[in-house]
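Let me begin by presenting the structure, written as structure tokens, before commenting on it.
Residue numbers run from 1 in the order of the sequence given. None of the values given here were measured: they were computed from a predicted structure.
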Amino acid sequence: MIGNKFYSLKKIDKLKAKYNIIFGERSNGKTYACLYRILENYCKSGTQGAYLRRWREDFIGKRGSVLFDALVKNGVVEKLTHGAYNTIYYYNSRWYLSLVNDKGERLNDTNPFCFGFALSAMEHDKSTSYPDITTIVFDEFLTRSGYITDEFVLFANTLSTIIRNRDNVTIYMLGNTVNKYCPYFGEMGLKHIKDMEQGDIDTYKYANGLTVAVEYCKPFAQGKKSDVYFGFENPKLNMITGGTWEFDIYPKCPKGYDRHDILFTYFIEWDGELYQCEIIKQGQLNYTFIHKKTTPIKNDDVDLIYSTEYSPKPNYSRNIIKPRNLLERRIAEYFKFENVFYQDNETGDAIYNYLTWCANG
């Protein structure tokens, strides 16, 4: 799977960044390439790897036992170990090289070449030392199902537990283009993610010589064989077949309206963008319509503004589903009863992520 057809780390590794953020279409070989790197490093130098996920359930049991199966089936284990091992054994969040002979007898390596870590279980790993881990792979760091509260801090603490007082660790963060909103982008100061085109690699430089490389993977030039199963006229599948950002389908404005149809205007600030929200009354129709706003708010000391940032101003509110007064309760009801319409799917997705943040707040 390593080659021109599937994803390769060759380009991004040339930048020698400490953090390498890689996102693109599903099943393009991102995870395979990074697992290959962990195994290759162990076979060549004895250094170990860490496989990091949000939840421990993502790699325990059957999921853990099959994680490296593609490398086994492609003969990578036998090739890199020169025939000393032919498979991989998983036990207790650790992966070992293993040899199974013709009689079915198993001989495992004494040391694991990779450890599993979960952000949600970070507290349990604090007291253990991992001096030989030099490669960390955080798989599926992008999600549509919601992030853990203060997840970036949990991520940083997990890295600190593994790295300790060293500077020889390389981190790969892998994601499918399932959600354009990601708290890591803001926390790490990655300001140009939304402007990237497929095939772009951007670099960000910080204090103490830290470099972060971000790659938006190129799609397959001729597509994948499996694309035949996803040929429906459904934009939600573009992430699988082409690596474009996935957006859900949201209801659009049911009817054109005039200025006199607007009963009230409020605003939502989210992920560096500003959205104007209008409560519309047209005869029997009563709904809220949300669209992007490209100019500053004129009366930011008076207008109702929802923002995740803390503000002492009384017209600012953080959580739209936790109203403070009658006006905010009425606004919350539009969302509770799904009486909300959007300019486009991207706007709908942004507000969906804001509401997810509200629900977890």
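- Side-chain contact of Thr288 with Tyr266: a donor-acceptor pair under 3.5 Å is present, judged by distance alone.
- Between the side chains of Asn353 and Thr356, no donor-acceptor pair is found at a separation under 3.5 Å.
- Distance alone, capped at 3.5 Å, places no donor-acceptor pair between the Gln198 side chain and the Gly24 backbone.
- There is no side-chain donor-acceptor pair under 3.5 Å between Tyr147 and Asn179.
- Between Lys180 and Glu346 there is a salt bridge, since at least one side-chain N of the basic residue sits less than 4.0 Å from a carboxylate O of the acidic one.
- Between Phe59 and Trp95, the two ring planes are tilted [angle within 30° to 60°].
- Under the 6.0 Å cut-off for aromatic ring centres, Phe115 and Tyr130 qualify, their centroids lying closer than that.
- At least one donor-acceptor pair under 3.5 Å links the side chain of Tyr354 to the backbone N or O of Ile320.
- Below 30°, between 30° and 60°, or above 60°: for Tyr250 and Tyr352 the angle between ring planes is between 30° and 60°, a tilted geometry.
- Between the side chains of Tyr172 and Asp13, at least one donor N or O sits under 3.5 Å from an acceptor N or O.
- A 4.5 Å side-chain heavy-atom check between Leu97 and Asn111 finds every atom pair outside the cut-off.
- Remark: the backbone N or O of Ser98 is not paired with any side-chain donor or acceptor of Arg106 at under 3.5 angstrom.
- Annotation for Arg56 and Asn92: closest pair NH2-OD1, 4.4 Å, computed over non-hydrogen atoms.
- Between Glu151 and Tyr184 there is a side-chain heavy-atom pair separated by less than 4.5 Å.
- Using a 4.5 Å heavy-atom cutoff, the side chains of Tyr51 and Ser93 are not in contact.
- Arg37 and Glu40 are joined by a salt bridge, as a carboxylate oxygen and a charged side-chain nitrogen come within less than 4.0 angstrom of each other.
- Arg54 has no carboxylate O lying under 4.0 Å from a charged side-chain N of Glu140, or vice versa, which leaves the two without a salt bridge.
- Side-chain contact of Thr31 with Asp139: a donor-acceptor pair under 3.5 Å is present, judged by distance alone.
- Here the side chain of Asn315 pairs a donor or acceptor atom with the backbone of Asp303 at under 3.5 angstrom.
- Remark: side-chain polar atoms of Lys30 are paired, donor with acceptor, to backbone N or O of Glu25 under 3.5 angstrom.
- Judged by distance alone, the side chain of Asn86 and the main-chain N or O of Glu78 form no donor-acceptor pair under 3.5 Å.
- You'll find the ring centres of Tyr85 and Phe113 outside the 6.0 Å limit.
- Under the 3.5 Å distance criterion, the side-chain polar atoms of Gln48 are matched with a main-chain donor or acceptor of Pro112.
- No more than 12 heavy atoms of other residues, nucleotides or ligands shown are found within 6.0 angstrom of NZ on Lys336.
- The number of heavy-atom neighbours closer than 6.0 Å to NZ of Lys191, taken from other residues, nucleotides and ligands shown, is 12 or below.
- Side chain to side chain, Asp109 and Tyr89 fail the donor-acceptor criterion of an N or O pair below 3.5 Å.
- No more than 12 heavy atoms of other residues, nucleotides or ligands sit less than 6.0 Å from atom CZ of Arg330.
- Heavy atoms from other residues, nucleotides or ligands lying under 6.0 Å from CD of Glu105 number more than 12.
- With hydrogens and angles disregarded, no donor-acceptor distance shorter than 3.5 Å links the side chain of Ser160 to the backbone of Asn157.
- A donor-acceptor distance shorter than 3.5 angstrom exists from the side chain of Asn101 to the backbone of Lys103, with no hydrogens or angles considered.
- Taking the six-membered ring for Trp and the full ring otherwise, Tyr181 and Trp357 have centroids separated by 6.0 Å or more.
- The residues Asp261 and Lys255 are annotated as not salt-bridged, no charged nitrogen and carboxylate oxygen being separated by less than 4.0 angstrom.
- No donor-acceptor pair under 3.5 Å is formed between the side chain of Asn41 and the backbone N or O of Gly46.
- Ala17 and Thr170 get closest at one heavy-atom pair: O-CG2, 3.9 Å.
- The closest side-chain heavy-atom distance from Leu355 to Phe335 is below 4.5 Å.
- The ring of Phe267 has its center no closer than 6.0 angstrom to the ring center of Tyr275.
- Nearest heavy atom pair, residue Phe289 against residue Ile280, reads CB-CG1, 4.4 Å.
- Atom OH of Tyr91 sits in a sparse spot, with 12 or fewer heavy atoms from other residues, nucleotides or ligands closer than 6.0 Å.
- For the pair Val214/Phe23, a side-chain contact is recorded, criterion being any heavy-atom separation below 4.5 Å from C-beta on.
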